[in-house]
Amino acid sequence: MQNLLHNLNDEQLAAVTLPSQSALILAGAGSGKTRVLTTRIAWLIQTGQVSPSGILAVTFTNKAAKEMLTRLSAMLPINTRGMWIGTFHGLCNRLLRTHHRDAALPQTFQILDTQDQLSAIKRLLKANNVDDEKFPAKEVMYFINGAKDQGLRADKIDPYNADERKKVELYQLYDDQCQREGVVDFAELLLRTYELLSRNQPLREHYQQRFQHILVDEFQDTNDLQYKWLKLLSGHGGQQGGVLFAVGDDDQSIYAFRGANVGNMSAFEREFNVRNLIKLEQNYRSHGHILDAANVLIANNSKRLGKNLRTDAGHGEQVRVYEANSDLSEAAWIIEETKNLIHDGASRSEIAVLYRSNAQSRVIEHALFSAGIPYHVYGGLRYFQRAEVKHAIAYLQLMDNPHNDSAFMRVVNFPARGIGVRSIETLQAAADQYGISLYAAVPYVTGKAGTSLAGFVKLVEGARFETQQMALPELVRVVLEQSTLLAHYATEKEGADRIENLEQMVSAATQFVSEEGYGQGAPAHLGPQAQAASGDAILNADGVEILDADAPLSTVMSPLSAFLSHASLEAGDNQATAGQEAVQMMTVHSAKGLEFNNVFITGLEEGLFPHESSSREHDGVEEERRLMYVAITRARQRLYLSFAQTRMLHGQTRYNMKSRFFDELPEDALKWLTPKVQPNWFGGRKSAWDEAPLVGSDNAIAQKFASKAIAGSGWRIGESVAHAKFGEGVIVNIEGSGNNARAQINFGAAGMKVLDLSVAKLDRL
DNA sequence: GCATGATGAGTTTTT
DNA sequence: CTCATCATGC
């Protein structure tokens with residue numbers, strides 16, 4: 001135990017050794033949050049307060065879960081496999097497989113990823129003749145997921161107008177369709193588990209008793225349903241009161257747009273009667289100036305639990321600020337600085353270029369490419385999302401659950417086998433008529449279409465029969481051949497990469513089988529013995545089926561089913577780890593949780609960062625500020641901030657003001673590499689624009705600027721104006737001319753507006 | 001059923 | 001500008 005707690009600071013020690021009661025740990029960036037979580041678990045086990053099976057640790061990403069497992073096995077001499085550490089979705093998947101009958105799901109239920117879900121909804125809209133102009137599939141999907149994320153079923157929603165009534169109706173139809181097909185989407189995994197445990201008292205009590213300690217990572221990212229799920233599982237409101245150990249940082253809450261509710265933190269504090277709010281404020285990552293910048297910036301947010309990071313590392317270097325006159329020269333400057341860093345001995349992988357939106361990466365990528373500097377862009381397609389891999393997966397899905405219509409649609413005519421839209425329409429009609437899946441409806445289709453369809457079914461059946469006794473990797477190989485996917489891509493000119501990806505699936509299967517503890521030769525399909533075993537209920541004293549908590553996965557899921565859930569729940573790397581010694585490029589969102597010695601935060605302009613669409617949302621700018629906070633705190637030693645006066649966006653040149661965040665950063669932490677812009681530099685006074693030549697200053701741009709101003713019928717870009725409703729603002733851009741002239745004006749708190757200059761009443765300041 | 005051009009949209013992302 | 005999606009023609 002001595003070793004366990006040895007290197008902890010006082011705050012961390014207090015958190016790790018808290019008595020068994022609900023606790024909220026406010027863990028600042030770089031404060032050793034994962035360390036506290038894992039040490040807490042190890043300490044609980046080592047002091048005999050709980051057995052490994054009494055632990056439930058929940059994360060959002062597989063990466064975080066894996067990290068915890070790795071660190072734990074380094075701390076404890078026990079097998080971590082018996083411990084329940086995983087993502088919300090992974091844990092729900094496990095629970096639903098085990099209790100699939102109570103949850104009213106087939107044992108081989110399959111998980112729709114976002115692509116699959118969208119195509120399922122498109123199919124639904126078509127089948128019900130819904131006007132997809134009025135109800136776009138994406139919107140319907142957001143509606144359904146939004147409702148599920150709040151724990152709401154269709155029958156619990158009170159529609160406030162006709163459109164919403166229609167959406168609720170579609171939600172119900174969608175759920176019916178999923179149930180018929182034996183598929184669940186991501187949100188459904190959670191909601192179904194929540195409902196299962198709410199409804200089934202013995203089951204709920206079993207797990208409440210089992211999980212004496214529930215620990216949650218990144219608590220600020222939980223949505224309403226996840227919080228309810230945690231409350232239920234912890235036994236909150238029940239006899240025992242519920243004990244939850246939540247770790248999070250309200251200042252790093254950047255996922256409100258996907259349903260995360262920071263309010264869960266204060267709700268938790270209140271509802272769980274948290275007596276111990278522990279703040280981890282000692283930062284082990286960044287130098288002083290960087291931390292100052294982060295602290296001072298985030299202090300501008302109003303809704304905070306309150307926290308201030310400190311470091312022993314000393315001030316370090318100031319934050320370097322660069323004003324470029326275009327996005328191109330911003331990129332050129334990044335290249336220069338990168339070269340200097342590398343020349344001074346920096347490793348390329350310790351240099352990160354961050355941006356607010358993906359579109360910004362292009363220019364920088366291009367510049368890095370031209371300069372011959374290896375780089376790696378995060379956020380491309382993940383392995384299991386690639387088209388060819390999804391195709392192969394669809395064949396596997398059909399072999400495991402032929403009623404998955406999404407899978408059916410994906411490959412029924414891929415590679416092409418003469419089954420066109422017409423045949424599918426006939427098939428769909430038959431399926432609708434009998435209320436069955438497309439696969440099951442095939443025998444009802446006659447004629448030529450029927451023959452080709454029957455051929456497809458025969459292909460799937462044949463593959464299933466032939467692979468009955470095969471191990472998973474072998475099965476995958478056979479399916480790749482028999483589906484003719486390999487042969488198909490062999491004829492394509494760009495098919496080599498795709499074939500390679502498909503081949504990789506065999507090794508992915510091999511790796512999966514060994515990691516999940518299936519026997520190497522275990523048949524991929526669920527054998528009759530295993531089926532019988534899972535069919536035998538394990539009864540508790542009340543004669544109710546409960547989970548054998550440590551039952552190996554193989555008694556609940558066949559290797560094939562497990563592999564398919566793995567493919568949905570863990571999309572894989574976003575690229576082959578190409579060029580590890582490469583400059584890292586990513587959005588600020590993807591940078592969360594990472595750290596680098598040298599960080600560039602680029603495109604710090606009004607409209608971009610903070611993003612203009614954020615000014616319309618409630619608390620939108622506060623979330624952007626948190627995003628900036630996350631970005632700043634990624635840097636260990638050196639931080640660069642940059643912005644550009646002009647930028648190509650959507651094929652148009654835009655003139656952006658520098659980000660308001662510059663005004664919120666402490667001056668003495670900053671070092672301007674270009675002349676510092678006056679606070680209201682557009683206000684007719686002095687501007688860096690008119691001053692001594694900037695690096696790479698471009699006269700053509702200045703001329704364009706001037707002509708823009710003339711076109712605007714008297715108004716100038718950069719002029720300060722006042723508006724009766726929006727208050728004071730600055731003209732950022734002028735489009736059109738004469739009576740059609742419109743000005744884009746930044747009204748600060750009131751946000752960015754585009755006003756018709758012939759209509760709007762503006763006063764010069 | 002597939003190649004080609006028109007059209008339109010265009011933050012952030014994990015599971 | 002650039003990519004994805006849709007409609008049109010062969």
Side-chain angles (χ1 to χ4, degrees), chain A residues 58-65 86-93 111-119 122 132-133 136-138 142 145 148-149 184-191 193 217-218 221-223 225-226 253-260 327 354-363 365-366 378-382 384-385 387 412-424 449 452 565-572 574 586-593 603 607-617 620 623-624 626-628 630-631 647-654:
Chain A
V58 196
T59 65
F60 277 88
T61 65
N62 292 297
K63 199 175 150 201
T87 62
F88 278 103
H89 296 84
L91 297 167
C92 286
N93 180 41
I111 302 165
L112 301 180
D113 67 16
T114 314
Q115 283 176 47
D116 302 331
Q117 189 187 16
L118 188 65
S119 77
K122 280 184 181 162
D132 56 358
E133 298 269 295
K138 272 219 175 95
Y142 290 145
N145 289 341
K148 289 191 181 185
D149 284 345
V184 298
D185 58 56
F186 287 131
E188 182 72 22
L189 280 170
L190 274 129
L191 183 52
T193 308
D217 190 19
E218 306 277 19
D221 288 339
T222 51
N223 63 32
L225 177 56
Q226 286 159 337
S253 160
I254 55 173
Y255 285 113
F257 70 91
R258 66 174 197 211
D327 47 351
L354 310 186
Y355 34 82
R356 172 69 236 272
S357 62
N358 288 302
Q360 289 164 250
S361 73
R362 273 203 124 65
V363 179
E365 265 184 84
H366 182 75
Y378 276 60
L381 264 195
R382 314 283 216 81
F384 282 111
Q385 292 172 343
V412 66
N413 196 38
F414 192 94
R417 45 177 73 89
I419 300 172
V421 196
R422 198 76 72 64
S423 312
I424 294 301
S452 342
S565 359
H566 168 80
S568 302
L569 292 177
E570 196 165 351
N574 77 29
M586 64 195 85
T587 63
V588 179
H589 280 93
S590 348
K592 190 176 162 211
L608 255 188
F609 198 1
H611 198 276
E612 55 191 334
S613 46
S614 73
S615 59
R616 275 173 240 130
E617 291 155 30
E623 176 139 327
E624 295 287 307
R626 291 193 289 268
L627 203 45
M628 181 65 185
V630 168
R647 180 179 296 276
M648 257 323 221
L649 196 67
H650 308 329
Q652 275 192 338
T653 307
R654 301 196 16 161

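Only a predicted model underlies this, so the values are computations on that prediction, with no experimental measurement involved. Convention: sequence-line order gives letters A, B, ...; per-chain numbering from 1.
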From [atom1] of [X] over to [atom2] of [N], roughly how many Å is that when rounded to an integer?
X      : N      : atom1 : atom2 : value
A:E365 : C:dT2  : CD    : P     : 13 Å
A:F186 : B:dT13 : CZ    : P     : 16 Å
A:F384 : B:dT13 : CZ    : P     : 21 Å
A:Q652 : B:dA9  : CD    : P     : 15 Å
A:L381 : B:dT13 : CG    : C1'   : 13 Å
A:D113 : B:dT13 : CG    : P     : 16 Å
A:L91  : B:dT14 : CG    : C1'   : 15 Å
A:Y142 : B:dT12 : OH    : C1'   : 11 Å

| request: Mark this stacking check for A:Y255 against B:dT13 as yes or no, applying ring centres under 5.5 Å and ring planes under 30°. | output: no

query: Has A:H611 got its ring stacked on the base of B:dT11, with centres under 5.5 Å and planes less than 30° apart?
result: yes

Which of the following nucleotides, [options], is nearest to the side chain of [X]?
X      : options               : result
A:T87  : B:dC2, B:dT13, B:dT15 : B:dT15
A:R382 : B:dC2, C:dC1, B:dT15  : B:dT15
A:M648 : B:dT11, C:dC1, B:dT13 : C:dC1

(message) Under a 3.5 Å distance rule, please check whether A:D221 uses its side chain to pair with a backbone N or O of A:Y255 as donor and acceptor.
(response) no

| said: Given 3.5 Å as the limit, does a donor-acceptor pair link the side chain of A:S568 with the main chain of A:I111, or not? | reply: yes

Sugar-phosphate only, base, or nothing, as touched by [X] at under 4.0 Å among non-hydrogen atoms:
X      : value
A:Q360 : nothing
A:F60  : sugar-phosphate
A:A416 : sugar-phosphate
A:V421 : sugar-phosphate
A:N358 : sugar-phosphate
A:S613 : base
A:I424 : nothing

Between [X] and [N], is there a contact of a side-chain N or O with OP1 or OP2 at under 4.0 Å?
X      : N      : answer
A:R362 : C:dC3  : yes
A:T587 : B:dT13 : yes
A:N62  : B:dT15 : yes

Q. Considering only heavy atoms and no angle criterion, is a donor-acceptor pair shorter than 3.5 Å present between the side chain of A:T114 and the base of B:dT15?
A. yes

The side-chain contact (heavy atoms from CB on, under 4.5 Å) partner of A:H89 among A:L189, A:T193, A:N62 is A:L189

**Message:** Using the rule given for salt bridge (Lys or Arg N to Asp or Glu O under 4.0 Å), can you reason through A:E623 versus A:R626, listing the C-alpha separation, both sets of side-chain angles and the distance that settles it, and then say yes or no?
**Reply:** CA-CA 5 Å; A:E623 176 139 327; A:R626 291 193 289 268; 3.2 Å; yes

So CG of A:L225 and NZ of A:K148: to nearest 0.5 Å the spacing works out to 10.5 Å

inquiry  = Testing the 3.5 Å rule here: is there a donor-acceptor pair between the side chains of A:T587 and A:H589?
reply    = no

Item to check | Distance-only side-chain donor-acceptor flag, A:T114 / A:Q117, under 3.5 Å | outcome: no

Discussion item. Give me the distance, rounded to whole Å, that separates B:dT13 from C:dA4 when you measure between the P atoms they each carry.
Written reply: 16 Å

Sorted by position of nearest nucleotide on DNA chain B, 5' first, the leading residue of A:F257 and A:A571 is A:F257

Sorted by position of nearest nucleotide on DNA chain B, 5' first, the leading residue of A:A359 and A:E570 is A:A359

